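All remarks here apply to the structure that follows.
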There are 2 protein chains.
Amino acid sequence: MLSKKTKYGLKALSYLASLEDRQPVQIAEIAKHENISQKFLESILLTLRKSGLLGSKKGKGGGYYLIKDPKDILMTDVMRILEGPIALVPCVSLNFYEKCEDCPDEATCSVHKLMLQVRDSALTVYRHNTLADLIK
Amino acid sequence: MLSKKTKYGLKALSYLASLEDRQPVQIAEIAKHENISQKFLESILLTLRKSGLLGSKKGKGGGYYLIKDPKDILMTDVMRILEGPIALVPCVSLNFYEKCEDCPDEATCSVHKLMLQVRDSALTVYRHNTLADLIK
DNA sequence: TTAATACCCTATCGATTTGATAGACTATGC
DNA sequence: GCATAGTCTATCAAATCGATAGGGTATTAA
């Protein structure tokens, strides 16, 4: 299940991308427009800023804004930042690989085999979608 | 992330499918072979039995066994029984649909649009995999 | 018929995660 | 220097997860 953090983050990014200009937008405006708890959104936007997707400006007239063009923001990156691994199981994760302690052999593991396919199919989707695609 | 319940359930099903005959297999044997907590596995096998994938036999010589041929057991069914919805968000779920309370319009929701594609890609994988495919 | 076997069911428990809130701090612009 | 708006830390209730304990019940072999 998708976490609310990811859901809200996606909505916030989409909202920013939908605006014509790239002027800073206040947290409060985003929260209100997308029906999100403002304080919770604060921490999410902070994450997005620290990972380089958003810029911020303090003080009057401040807020958050997209750094890159929406068509250059891949969903693979967004999902990994917000949700973490795309794979459903660590042993098939590209960026967050971990060996399963209970599984003696990945090559013959039925779960591994199935989850590998699921990961690839999800990756394909995320790689073919940019932020610009989501707001069309 | 895939729950251990699903992971263990898949492993147990695979183990049963890998055996030549369809004689009842004791919980203890499955648990030992797959490195699973026996008590936890009990509840999982119970779920699988109640949903019609497994049969059980009590008393001496009892255990669990597959009811259908492995090639007739679709991963869509297995995943829905063990993990629940295949969709990452209720508003794109076929079997567990729920409206998002915060989202005013699904048609224009960017999250909805993305998650619909992810669901379809996962469904395609699960529909093309039977239990027989996993143990090849 | 009886006793062993093995599935069935309920309850509980600690750990972790999640979503949300509060409050103080800091930088900016007028 | 004061209002504005992002930044950071701490906390918290609720839910979920994985696991465990312990007794109940049906079946079978002897």
Side-chain angles (χ1 to χ4, degrees), chain A residues 1-12 16 23-67 82-85 88-90 96 100-103 111, chain B residues 1-12 16 23-32 34-67 82-85 88-90 96 100-102 111:
Chain A
M1 195 71 20
L2 202 70
S3 68
K4 299 225 168 177
K5 179 183 178 185
T6 303
K7 187 181 179 186
Y8 294 165
L10 281 171
K11 286 195 170 194
L16 290 177
Q23 295 305 304
V25 181
Q26 295 172 29
I27 298 176
E29 180 183 333
I30 305 174
K32 193 177 176 189
H33 191 271
E34 300 295 333
N35 291 312
I36 305 174
S37 147
Q38 176 166 342
K39 273 294 187 180
F40 189 25
L41 180 60
E42 272 188 35
S43 64
I44 298 170
L45 294 177
L46 214 47
T47 305
L48 291 172
R49 200 215 52 166
K50 285 178 179 170
S51 53
L53 290 185
L54 293 182
S56 67
K57 196 181 168 193
K58 290 186 177 180
K60 188 161 190 174
Y64 284 95
Y65 53 91
L66 287 177
I67 287 184
L82 291 171
E83 189 75 3
L88 293 182
V89 146
F96 301 83
C100 296
E101 64 285 354
D102 58 303
C103 182
V111 177
Chain B
M1 193 69 24
L2 200 71
S3 68
K4 298 227 169 178
K5 179 181 178 186
T6 304
K7 187 181 178 186
Y8 294 166
L10 281 172
K11 287 195 169 195
L16 290 178
Q23 296 304 307
V25 180
Q26 296 173 28
I27 298 176
E29 181 183 333
I30 305 175
K32 193 178 176 188
E34 300 295 333
N35 291 312
I36 305 173
S37 145
Q38 177 165 342
K39 272 295 188 178
F40 190 24
L41 181 59
E42 269 190 40
S43 65
I44 299 169
L45 295 176
L46 212 48
T47 306
L48 291 172
R49 200 216 50 168
K50 285 179 179 169
S51 53
L53 290 185
L54 294 181
S56 67
K57 196 180 167 193
K58 288 186 178 180
K60 190 164 191 171
Y64 283 95
Y65 53 90
L66 287 175
I67 287 184
L82 291 171
E83 191 74 5
L88 292 182
V89 147
F96 301 83
C100 296
E101 63 284 356
D102 56 304
V111 177

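If you're wondering where the values come from, they're calculated on a predicted model, not measured in any experiment.
Contact annotation: side chain of B/Glu42 to base of C/dC7, donor-acceptor pair absent below 3.5 Å. Side-chain to base pairing of A/Lys60 with D/dG6: no donor and acceptor N or O lie closer than 3.5 Å to each other.
Residues A/Lys57 and A/Lys4 both approach DNA chain C. Their nearest nucleotides, taken by heavy-atom distance, put A/Lys4 toward the 5′ side.
In this structure, A/Lys7 reaches neither bases nor backbone, as no heavy-atom distance under 4.0 Å exists between it and the strands shown. Across all strands shown, B/Ile27 has heavy atoms under 4.0 Å from sugar-phosphate atoms exclusively, and none from any base.
Taking only side-chain atoms of A/Ser37, from C-beta outward, the nucleotide of D/dG6, C/dT21, D/dA19 with the closest atom is C/dT21. Minimum atom distance to the side chain of B/Gln26 is reached by C/dA6, of the listed C/dA6, C/dC7, D/dG18. Candidate nucleotides C/dG19, C/dC9, D/dG6 were compared by shortest atom distance to the side chain of A/Ser3, and C/dG19 ranks first. Nearest to the side chain of A/Lys39, among C/dA27, D/dT25, C/dA24, sits C/dA24. Nearest to the side-chain atoms of A/Lys58 among the listed nucleotides C/dG29, C/dC8, C/dA27 stands C/dA27. Here C/dA20 is the nucleotide among D/dC8, D/dG6, C/dA20 with the atom lying nearest to any side-chain atom of A/Phe40. Taking only side-chain atoms of B/Lys50, from C-beta outward, the nucleotide of C/dC9, D/dA19, D/dC8 with the closest atom is C/dC9.
In this structure, CZ of B/Arg49 is placed 13 Å from C1' of D/dT25, rounded to the nearest angstrom. Whole-Å rounding puts the B/Leu2 CG to D/dC17 P distance at 11 Å. As a whole-Å value, the separation of B/Gln38 CD from D/dG22 P is 15 Å. To the nearest angstrom, P of C/dT10 lies 10 Å from CG of B/Leu46. One atom, CG of A/Leu54, and another, P of D/dA5, lie 18 Å apart when rounded to the nearest Å. Rounding to whole angstrom units, CD1 of residue A/Ile44 and P of D/dC8 are separated by 16 Å. Whole-Å rounding puts the A/Met1 CE to C/dG19 C1' distance at 16 Å. As rounded to whole Å, 14 Å separates atom P of D/dT27 from atom OH of B/Tyr64.
Between B/Tyr8 and D/dG18, a side-chain N or O to OP1/OP2 separation shorter than 4.0 Å is absent.
Here the straight-line distance linking atom CG of B/Leu41 with atom CG of B/Leu48 works out to 9.0 Å at 0.5 Å rounding. One distance of note links CD of A/Glu83 with CG of A/Leu10; it measures 9.0 Å at 0.5 Å rounding. Taken from CD1 in A/Ile36 to NZ in A/Lys4, the straight-line distance is 10.5 Å, to the nearest 0.5 Å.
Here the closest non-hydrogen pair linking A/Leu45 and A/Ala12 is CD2-CB, 4.1 Å. In this structure, B/Gly62 and B/Gln26 approach most closely via the heavy-atom pair O-CG, 3.7 Å.
Between B/Glu29 and B/Lys32, no side-chain nitrogen of the basic residue sits less than 4.0 Å from a carboxylate oxygen of the acidic one, so the salt-bridge criterion is not met.
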